[in-house]
Asks: 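Here's a structure for you.
Numbers restart at 1 for each chain; the letters A, B, ... are given by sequence-line order, proteins then strands.
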2 protein chains.
Amino acid sequence: MADDLFYQKGFENTSFTDIADTAGIARGNFYYYFKSKDDILAAVLSKRSENIRELLSEWEKEYPEPAERLKNYALMLVKSQSTIENFGCPLGAMCLELNKLRHALQDDASGMLELFREWLSKQFSALGHEADASKLAMHMLGRCQGISLITSAYNDLDYLNREVDALQEWIDTLSPGYKQRPGQ
Amino acid sequence: MADDLFYQKGFENTSFTDIADTAGIARGNFYYYFKSKDDILAAVLSKRSENIRELLSEWEKEYPEPAERLKNYALMLVKSQSTIENFGCPLGAMCLELNKLRHALQDDASGMLELFREWLSKQFSALGHEADASKLAMHMLGRCQGISLITSAYNDLDYLNREVDALQEWIDTLSPGYKQRPGQ
DNA sequence: GTCTATACGGAGATAGAC
DNA sequence: GTCTATCTCCGTATAGAC
(Lines give C-alpha, C1' and ligand atoms only; values in the text may rest on other atoms or scores of the structure.)
Protein backbone atom coordinates (compact mmCIF):
# COMPACT_ATOMS: atom_id res chain seq x y z
CA MET A 1 0.00 0.00 0.00
CA ALA A 2 1.09 3.52 -0.81
CA ASP A 3 0.57 4.50 2.80
CA ASP A 4 3.48 2.41 4.02
CA LEU A 5 5.78 3.77 1.33
CA PHE A 6 4.87 7.36 2.12
CA TYR A 7 5.62 6.60 5.75
CA GLN A 8 8.88 4.81 5.15
CA LYS A 9 10.30 6.94 2.34
CA GLY A 10 8.36 10.16 2.54
CA PHE A 11 5.82 11.42 0.01
CA GLU A 12 8.07 13.18 -2.49
CA ASN A 13 10.67 10.47 -2.33
CA THR A 14 8.13 7.78 -3.22
CA SER A 15 7.75 7.34 -6.97
CA PHE A 16 5.00 5.78 -9.03
CA THR A 17 7.42 3.01 -9.89
CA ASP A 18 7.84 2.27 -6.17
CA ILE A 19 4.10 2.12 -5.62
CA ALA A 20 3.42 0.10 -8.75
CA ASP A 21 6.15 -2.43 -7.92
CA THR A 22 4.83 -2.83 -4.39
CA ALA A 23 1.25 -3.19 -5.56
CA GLY A 24 2.32 -5.50 -8.38
CA ILE A 25 0.59 -3.56 -11.12
CA ALA A 26 1.71 -1.40 -14.02
CA ARG A 27 2.70 2.27 -13.61
CA GLY A 28 0.22 3.63 -16.09
CA ASN A 29 -2.65 1.72 -14.61
CA PHE A 30 -2.70 4.01 -11.62
CA TYR A 31 -4.34 6.76 -13.57
CA TYR A 32 -7.41 4.64 -13.97
CA TYR A 33 -8.00 4.91 -10.23
CA PHE A 34 -6.31 8.22 -9.34
CA LYS A 35 -6.00 11.26 -11.48
CA SER A 36 -2.68 12.42 -9.99
CA LYS A 37 -0.10 11.66 -7.34
CA ASP A 38 -1.69 14.23 -5.07
CA ASP A 39 -4.91 12.31 -5.52
CA ILE A 40 -3.21 9.24 -4.09
CA LEU A 41 -1.97 11.32 -1.18
CA ALA A 42 -5.49 12.55 -0.52
CA ALA A 43 -6.75 8.99 -0.49
CA VAL A 44 -3.98 7.94 1.88
CA LEU A 45 -4.69 10.81 4.27
CA SER A 46 -8.39 10.07 4.18
CA LYS A 47 -7.80 6.40 4.90
CA ARG A 48 -5.45 7.25 7.74
CA SER A 49 -8.00 9.56 9.33
CA GLU A 50 -10.57 6.82 9.14
CA ASN A 51 -8.15 4.39 10.80
CA ILE A 52 -7.49 6.89 13.57
CA ARG A 53 -11.19 7.32 14.23
CA GLU A 54 -11.63 3.57 14.42
CA LEU A 55 -8.64 3.20 16.71
CA LEU A 56 -9.93 5.84 19.09
CA SER A 57 -13.39 4.30 19.28
CA GLU A 58 -11.82 0.91 19.95
CA TRP A 59 -9.83 2.40 22.80
CA GLU A 60 -12.97 3.89 24.22
CA LYS A 61 -14.55 0.46 24.27
CA GLU A 62 -11.52 -1.25 25.72
CA TYR A 63 -10.60 1.26 28.40
CA PRO A 64 -13.42 2.84 30.42
CA GLU A 65 -11.22 5.12 32.54
CA PRO A 66 -9.85 8.34 31.04
CA ALA A 67 -6.47 7.87 32.76
CA GLU A 68 -6.16 4.42 31.24
CA ARG A 69 -7.05 5.78 27.85
CA LEU A 70 -4.38 8.44 28.09
CA LYS A 71 -1.80 5.91 29.19
CA ASN A 72 -2.74 3.69 26.31
CA TYR A 73 -2.07 6.50 23.89
CA ALA A 74 1.45 6.82 25.26
CA LEU A 75 1.82 3.06 25.15
CA MET A 76 1.18 3.13 21.42
CA LEU A 77 4.74 4.46 21.05
CA VAL A 78 6.11 1.38 22.79
CA LYS A 79 3.98 -0.96 20.70
CA SER A 80 5.22 0.52 17.45
CA GLN A 81 8.74 1.17 18.63
CA SER A 82 10.46 -0.72 15.84
CA THR A 83 8.89 1.36 13.08
CA ILE A 84 9.32 4.57 15.05
CA GLU A 85 12.99 3.77 15.44
CA ASN A 86 13.35 3.55 11.68
CA PHE A 87 10.93 6.13 10.38
CA GLY A 88 9.72 8.31 13.23
CA CYS A 89 6.07 9.08 13.79
CA PRO A 90 4.00 8.77 10.60
CA LEU A 91 1.84 11.77 11.50
CA GLY A 92 4.62 14.09 12.55
CA ALA A 93 6.80 13.27 9.57
CA MET A 94 3.92 13.81 7.16
CA CYS A 95 2.99 17.16 8.71
CA LEU A 96 6.58 18.32 8.56
CA GLU A 97 7.11 17.27 4.96
CA LEU A 98 3.88 18.72 3.59
CA ASN A 99 4.58 21.88 5.53
CA LYS A 100 7.93 22.33 3.84
CA LEU A 101 6.48 21.49 0.45
CA ARG A 102 3.76 24.08 1.12
CA HIS A 103 1.46 21.35 -0.09
CA ALA A 104 -2.24 22.01 -0.55
CA LEU A 105 -3.05 19.02 1.66
CA GLN A 106 -0.95 20.05 4.63
CA ASP A 107 -4.07 20.94 6.60
CA ASP A 108 -5.36 17.43 6.02
CA ALA A 109 -2.18 16.12 7.60
CA SER A 110 -2.44 18.33 10.68
CA GLY A 111 -6.11 17.39 10.77
CA MET A 112 -5.03 13.88 11.77
CA LEU A 113 -3.12 15.32 14.71
CA GLU A 114 -6.23 17.26 15.52
CA LEU A 115 -8.26 14.06 15.81
CA PHE A 116 -5.91 12.87 18.52
CA ARG A 117 -5.84 16.28 20.18
CA GLU A 118 -9.61 16.41 20.48
CA TRP A 119 -9.80 12.90 21.83
CA LEU A 120 -7.01 13.46 24.35
CA SER A 121 -8.65 16.71 25.33
CA LYS A 122 -11.88 14.90 26.13
CA GLN A 123 -10.01 12.49 28.38
CA PHE A 124 -8.29 15.28 30.28
CA SER A 125 -11.66 16.95 30.75
CA ALA A 126 -13.05 13.74 32.15
CA LEU A 127 -10.12 13.69 34.57
CA GLY A 128 -11.30 17.01 35.94
CA HIS A 129 -9.09 19.38 33.95
CA GLU A 130 -11.81 21.00 31.88
CA ALA A 131 -10.14 24.41 31.98
CA ASP A 132 -6.87 23.41 30.34
CA ALA A 133 -7.76 20.12 28.72
CA SER A 134 -6.74 21.33 25.30
CA LYS A 135 -3.39 22.61 26.56
CA LEU A 136 -2.67 19.34 28.29
CA ALA A 137 -3.58 17.48 25.11
CA MET A 138 -1.19 19.56 23.04
CA HIS A 139 1.50 19.07 25.63
CA MET A 140 1.05 15.35 25.34
CA LEU A 141 1.09 15.43 21.55
CA GLY A 142 4.33 17.38 21.68
CA ARG A 143 5.94 15.03 24.14
CA CYS A 144 5.10 12.06 21.93
CA GLN A 145 6.36 13.75 18.79
CA GLY A 146 9.62 14.63 20.51
CA ILE A 147 10.05 11.09 21.75
CA SER A 148 9.47 9.72 18.25
CA LEU A 149 11.93 12.05 16.61
CA ILE A 150 14.74 11.53 19.10
CA THR A 151 14.18 7.78 19.07
CA SER A 152 14.61 7.65 15.31
CA ALA A 153 17.59 10.02 15.30
CA TYR A 154 19.43 8.07 17.99
CA ASN A 155 17.98 4.60 17.39
CA ASP A 156 17.61 4.44 21.14
CA LEU A 157 14.72 2.30 22.35
CA ASP A 158 15.81 2.62 25.98
CA TYR A 159 15.18 6.32 25.69
CA LEU A 160 11.73 5.69 24.23
CA ASN A 161 10.69 3.35 27.01
CA ARG A 162 12.10 5.68 29.67
CA GLU A 163 10.19 8.64 28.30
CA VAL A 164 6.93 6.75 27.95
CA ASP A 165 7.26 5.70 31.60
CA ALA A 166 7.74 9.35 32.52
CA LEU A 167 4.64 10.27 30.54
CA GLN A 168 2.61 7.63 32.34
CA GLU A 169 3.75 9.02 35.68
CA TRP A 170 2.82 12.49 34.55
CA ILE A 171 -0.68 11.23 33.80
CA ASP A 172 -0.89 9.74 37.30
CA THR A 173 0.04 13.16 38.60
CA LEU A 174 -3.06 14.57 36.95
CA SER A 175 -5.41 11.89 38.19
CA PRO A 176 -7.94 12.74 40.92
CA GLY A 177 -6.54 10.45 43.59
CA TYR A 178 -3.00 11.76 43.28
CA LYS A 179 -1.52 13.19 46.48
CA GLN A 180 -0.77 16.84 45.85
CA ARG A 181 2.14 18.55 47.38
CA PRO A 182 1.32 21.21 49.98
CA GLY A 183 0.70 24.75 48.83
CA GLN A 184 -0.64 23.83 45.45
CA MET B 1 23.18 29.96 1.11
CA ALA B 2 22.23 26.35 0.50
CA ASP B 3 21.78 25.85 4.24
CA ASP B 4 18.69 28.04 4.37
CA LEU B 5 17.15 26.30 1.38
CA PHE B 6 17.76 22.85 2.83
CA TYR B 7 16.11 24.07 6.00
CA GLN B 8 13.14 25.69 4.33
CA LYS B 9 12.46 23.21 1.55
CA GLY B 10 14.25 20.07 2.68
CA PHE B 11 17.33 18.54 1.07
CA GLU B 12 15.78 16.44 -1.69
CA ASN B 13 13.28 19.09 -2.57
CA THR B 14 15.99 21.69 -3.09
CA SER B 15 17.35 21.67 -6.64
CA PHE B 16 20.57 23.03 -8.06
CA THR B 17 18.49 25.60 -9.87
CA ASP B 18 17.14 26.81 -6.53
CA ILE B 19 20.60 27.09 -5.04
CA ALA B 20 22.10 28.72 -8.11
CA ASP B 21 19.29 31.26 -8.33
CA THR B 22 19.64 32.15 -4.67
CA ALA B 23 23.40 32.42 -4.90
CA GLY B 24 23.14 34.34 -8.16
CA ILE B 25 25.51 32.10 -10.11
CA ALA B 26 25.16 29.56 -12.90
CA ARG B 27 24.02 26.00 -12.25
CA GLY B 28 27.01 24.34 -13.83
CA ASN B 29 29.46 26.45 -11.92
CA PHE B 30 28.68 24.55 -8.73
CA TYR B 31 30.72 21.61 -9.84
CA TYR B 32 33.82 23.71 -9.70
CA TYR B 33 33.42 23.90 -5.92
CA PHE B 34 31.50 20.71 -5.10
CA LYS B 35 31.70 17.40 -6.85
CA SER B 36 28.07 16.42 -6.15
CA LYS B 37 24.92 17.46 -4.37
CA ASP B 38 25.84 15.23 -1.46
CA ASP B 39 29.10 17.12 -1.30
CA ILE B 40 27.14 20.32 -0.77
CA LEU B 41 25.14 18.63 1.96
CA ALA B 42 28.36 17.53 3.66
CA ALA B 43 29.62 21.11 3.57
CA VAL B 44 26.35 22.42 4.97
CA LEU B 45 26.36 19.89 7.80
CA SER B 46 29.97 20.66 8.59
CA LYS B 47 29.27 24.39 8.67
CA ARG B 48 26.25 23.87 10.87
CA SER B 49 28.26 21.84 13.34
CA GLU B 50 30.84 24.59 13.47
CA ASN B 51 28.11 27.15 14.12
CA ILE B 52 26.70 25.04 16.92
CA ARG B 53 30.08 24.76 18.57
CA GLU B 54 30.53 28.51 18.39
CA LEU B 55 27.06 29.12 19.75
CA LEU B 56 27.64 26.84 22.70
CA SER B 57 30.95 28.45 23.58
CA GLU B 58 29.32 31.87 23.37
CA TRP B 59 26.63 30.74 25.78
CA GLU B 60 29.28 29.49 28.15
CA LYS B 61 30.87 32.94 28.17
CA GLU B 62 27.58 34.77 28.53
CA TYR B 63 25.94 32.62 31.19
CA PRO B 64 28.11 31.37 34.06
CA GLU B 65 25.40 29.34 35.81
CA PRO B 66 24.39 25.93 34.42
CA ALA B 67 20.70 26.57 35.14
CA GLU B 68 20.85 29.79 33.16
CA ARG B 69 22.58 28.01 30.31
CA LEU B 70 19.88 25.36 30.19
CA LYS B 71 17.16 27.96 30.24
CA ASN B 72 18.86 29.81 27.45
CA TYR B 73 18.79 26.68 25.34
CA ALA B 74 15.03 26.48 25.76
CA LEU B 75 14.77 30.20 25.07
CA MET B 76 16.35 29.63 21.68
CA LEU B 77 13.00 28.23 20.57
CA VAL B 78 11.27 31.47 21.46
CA LYS B 79 13.91 33.55 19.73
CA SER B 80 13.55 31.64 16.48
CA GLN B 81 9.83 31.07 16.77
CA SER B 82 8.91 32.57 13.42
CA THR B 83 11.13 30.16 11.47
CA ILE B 84 10.14 27.24 13.66
CA GLU B 85 6.52 28.01 12.97
CA ASN B 86 7.15 27.74 9.25
CA PHE B 87 9.77 25.05 8.96
CA GLY B 88 10.16 23.28 12.31
CA CYS B 89 13.53 22.64 13.90
CA PRO B 90 16.35 22.57 11.33
CA LEU B 91 18.15 19.76 13.13
CA GLY B 92 15.16 17.56 13.73
CA ALA B 93 13.84 17.93 10.20
CA MET B 94 17.24 17.13 8.71
CA CYS B 95 17.67 14.04 10.88
CA LEU B 96 14.23 12.80 9.95
CA GLU B 97 14.68 13.35 6.22
CA LEU B 98 18.14 11.81 5.94
CA ASN B 99 16.90 8.93 8.03
CA LYS B 100 14.09 8.18 5.60
CA LEU B 101 16.40 8.60 2.62
CA ARG B 102 18.80 6.18 4.30
CA HIS B 103 21.39 8.75 3.40
CA ALA B 104 25.06 8.10 4.02
CA LEU B 105 25.33 11.36 5.94
CA GLN B 106 22.50 10.70 8.37
CA ASP B 107 24.97 10.14 11.18
CA ASP B 108 26.44 13.57 10.52
CA ALA B 109 22.97 15.01 11.03
CA SER B 110 22.39 13.23 14.32
CA GLY B 111 25.93 14.26 15.25
CA MET B 112 24.67 17.84 15.45
CA LEU B 113 22.04 16.76 17.97
CA GLU B 114 24.81 14.99 19.81
CA LEU B 115 26.73 18.25 20.20
CA PHE B 116 23.77 19.73 22.02
CA ARG B 117 23.22 16.57 24.03
CA GLU B 118 26.79 16.55 25.32
CA TRP B 119 26.67 20.21 26.20
CA LEU B 120 23.32 19.92 27.97
CA SER B 121 24.59 16.86 29.75
CA LYS B 122 27.53 18.84 31.13
CA GLN B 123 25.18 21.47 32.47
CA PHE B 124 22.97 18.92 34.21
CA SER B 125 26.08 17.39 35.74
CA ALA B 126 27.11 20.79 37.03
CA LEU B 127 23.65 21.11 38.57
CA GLY B 128 24.38 18.00 40.63
CA HIS B 129 22.73 15.36 38.46
CA GLU B 130 25.88 13.51 37.40
CA ALA B 131 24.17 10.13 37.50
CA ASP B 132 21.45 10.84 34.94
CA ALA B 133 22.79 13.93 33.21
CA SER B 134 22.67 12.26 29.82
CA LYS B 135 19.10 11.09 30.32
CA LEU B 136 18.00 14.55 31.37
CA ALA B 137 19.74 15.99 28.32
CA MET B 138 17.94 13.62 25.99
CA HIS B 139 14.67 14.38 27.71
CA MET B 140 15.25 18.06 27.06
CA LEU B 141 16.19 17.47 23.43
CA GLY B 142 13.01 15.50 22.96
CA ARG B 143 10.85 18.12 24.59
CA CYS B 144 12.28 20.79 22.31
CA GLN B 145 11.85 18.68 19.20
CA GLY B 146 8.25 17.98 20.10
CA ILE B 147 7.57 21.65 20.71
CA SER B 148 9.07 22.55 17.34
CA LEU B 149 7.07 19.99 15.43
CA ILE B 150 3.73 20.77 17.02
CA THR B 151 4.34 24.50 16.65
CA SER B 152 4.90 24.12 12.92
CA ALA B 153 2.00 21.72 12.45
CA TYR B 154 -0.44 23.99 14.28
CA ASN B 155 1.16 27.37 13.63
CA ASP B 156 0.56 28.03 17.28
CA LEU B 157 3.06 30.35 18.93
CA ASP B 158 1.05 30.49 22.16
CA TYR B 159 1.68 26.79 22.53
CA LEU B 160 5.39 27.29 21.94
CA ASN B 161 5.72 29.99 24.58
CA ARG B 162 3.63 28.01 27.05
CA GLU B 163 5.77 24.91 26.62
CA VAL B 164 9.03 26.82 26.88
CA ASP B 165 7.80 28.32 30.16
CA ALA B 166 7.02 24.82 31.38
CA LEU B 167 10.51 23.70 30.42
CA GLN B 168 12.05 26.59 32.32
CA GLU B 169 10.07 25.62 35.40
CA TRP B 170 11.19 22.05 35.01
CA ILE B 171 14.79 23.28 35.05
CA ASP B 172 14.10 25.21 38.25
CA THR B 173 12.80 21.98 39.70
CA LEU B 174 16.19 20.42 39.12
CA SER B 175 18.19 23.29 40.58
CA PRO B 176 19.89 22.84 43.96
CA GLY B 177 17.87 25.44 45.85
CA TYR B 178 14.49 24.08 44.80
CA LYS B 179 12.16 23.14 47.64
CA GLN B 180 11.41 19.46 47.34
CA ARG B 181 8.11 18.05 48.25
CA PRO B 182 8.01 15.79 51.30
CA GLY B 183 8.76 12.13 50.88
CA GLN B 184 10.97 12.50 47.88
C1' DG C 1 37.02 30.72 -12.64
C1' DT C 2 32.55 31.39 -14.73
C1' DC C 3 29.53 30.77 -18.23
C1' DT C 4 26.36 28.09 -21.91
C1' DA C 5 25.04 23.99 -23.94
C1' DT C 6 23.92 19.55 -23.39
C1' DA C 7 23.87 14.59 -21.92
C1' DC C 8 21.30 11.31 -19.37
C1' DG C 9 18.09 9.40 -16.30
C1' DG C 10 13.87 9.29 -13.82
C1' DA C 11 9.86 11.70 -12.51
C1' DG C 12 4.64 12.28 -13.40
C1' DA C 13 1.34 11.86 -16.80
C1' DT C 14 -1.13 10.40 -21.35
C1' DA C 15 -2.61 7.50 -25.42
C1' DG C 16 -4.09 3.73 -27.19
C1' DA C 17 -3.72 -1.52 -28.01
C1' DC C 18 -5.80 -5.51 -26.09
C1' DG D 1 -9.80 -2.74 -16.69
C1' DT D 2 -4.95 -3.56 -17.43
C1' DC D 3 -1.13 -3.34 -20.09
C1' DT D 4 2.91 -1.11 -23.07
C1' DA D 5 4.73 2.67 -25.33
C1' DT D 6 5.67 7.17 -25.18
C1' DC D 7 5.56 12.26 -24.08
C1' DT D 8 7.31 16.08 -21.55
C1' DC D 9 9.60 18.13 -17.90
C1' DC D 10 13.08 18.64 -14.58
C1' DG D 11 16.61 16.62 -11.84
C1' DT D 12 21.90 15.95 -11.43
C1' DA D 13 25.97 16.02 -13.76
C1' DT D 14 29.48 16.94 -17.60
C1' DA D 15 31.97 19.24 -21.55
C1' DG D 16 33.90 22.76 -23.33
C1' DA D 17 33.84 27.87 -24.91
C1' DC D 18 35.41 32.16 -23.08
Asks: Sort and list the pairs that fulfil salt bridge (charged side-chain N to carboxylate O under 4.0 Å, His left out) and have at least one residue in residues 125-141 of chain B, not counting sequence neighbours.
Replies: none
Asks: Indicate whether OP1 or OP2 belonging to C/dA13 is found under 4.0 Å from a side-chain N or O atom of A/Tyr31.
Replies: yes
Asks: Sorted by first residue and then second, give each salt bridge (charged side-chain N to carboxylate O under 4.0 Å, His left out) pair with at least one member in residues 62-88 of chain B; sequence neighbours left out.
Replies: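 Output for this query lists B/Lys71-B/Asp172.
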Asks: Starting at atom CZ of A/Phe30, determine the distance to atom C1' of C/dA11, rounded to an integer number of angstrom.
Replies: 15 Å
Asks: Within less than 4.0 Å of OP1 or OP2 of C/dG10, is there a side-chain N or O belonging to A/Ser15?
Replies: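 No, A/Ser15 has no side-chain N/O under 4.0 Å of OP1/OP2 on C/dG10.
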Asks: Does the structure place the NZ or CZ of B/Lys100 under 6.0 Å from the centre of the six-membered ring of A/Tyr7, at an angle of no more than 45° from the ring's axis?
Replies: no
Asks: What is the distance, to the nearest angstrom, from the CG atom on A/Leu41 to the P atom on C/dA13?
Replies: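 Spelled out: CG on A/Leu41 to P on C/dA13 is 12 Å.
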Asks: Rounded to whole Å, how long is the line connecting atom CD1 of A/Ile40 with atom P of C/dA11?
Replies: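 The distance from CD1 of A/Ile40 to P of C/dA11 comes to 14 Å, rounded to the nearest Å.
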Asks: To the nearest Å, how far apart are A/Asp38 CG and C/dA11 P?
Replies: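 Whole-Å distance recorded here is 17 Å.
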Asks: Separation of A/Asn13 atom CG from D/dG11 atom C1', in whole Å?
Replies: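 About 13 Å, once rounded to whole Å.
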Asks: Over how many whole Å does the gap from B/Tyr32 atom OH to D/dT12 atom P extend?
Replies: 22 Å
Asks: Specify the residues of residues 16-27 of chain A, ordered by number, for which at least one heavy atom lies under 4.0 angstrom from an atom of DNA chain C.
Replies: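 Per residue number, the list reads A/Phe16, A/Thr17.
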Asks: With B/Asp18, which residues qualify under salt bridge (charged side-chain N to carboxylate O under 4.0 Å, His left out), at least two apart?
Replies: B/Lys9
Asks: Suppose we screen for side chain to side chain contact (heavy atoms under 4.5 Å, CB included). Which residues come up paired with B/Glu50, at least two apart in sequence or across chains?
Replies: B/Lys47, B/Glu54
Asks: Considering heavy-atom distances to DNA chain C, does A/Thr14 or B/Asn29 have its closest nucleotide positioned more toward the 5' end?
Replies: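 Here B/Asn29 is the residue nearer the 5' end.
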Asks: In chain order, what residues pass the side chain to side chain contact (heavy atoms under 4.5 Å, CB included) check against B/Asp158, with sequence neighbours excluded?
Replies: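 Partners of B/Asp158 by the side chain to side chain contact (heavy atoms under 4.5 Å, CB included) criterion, ordered by chain and then number, come out as B/Asp156, B/Arg162.
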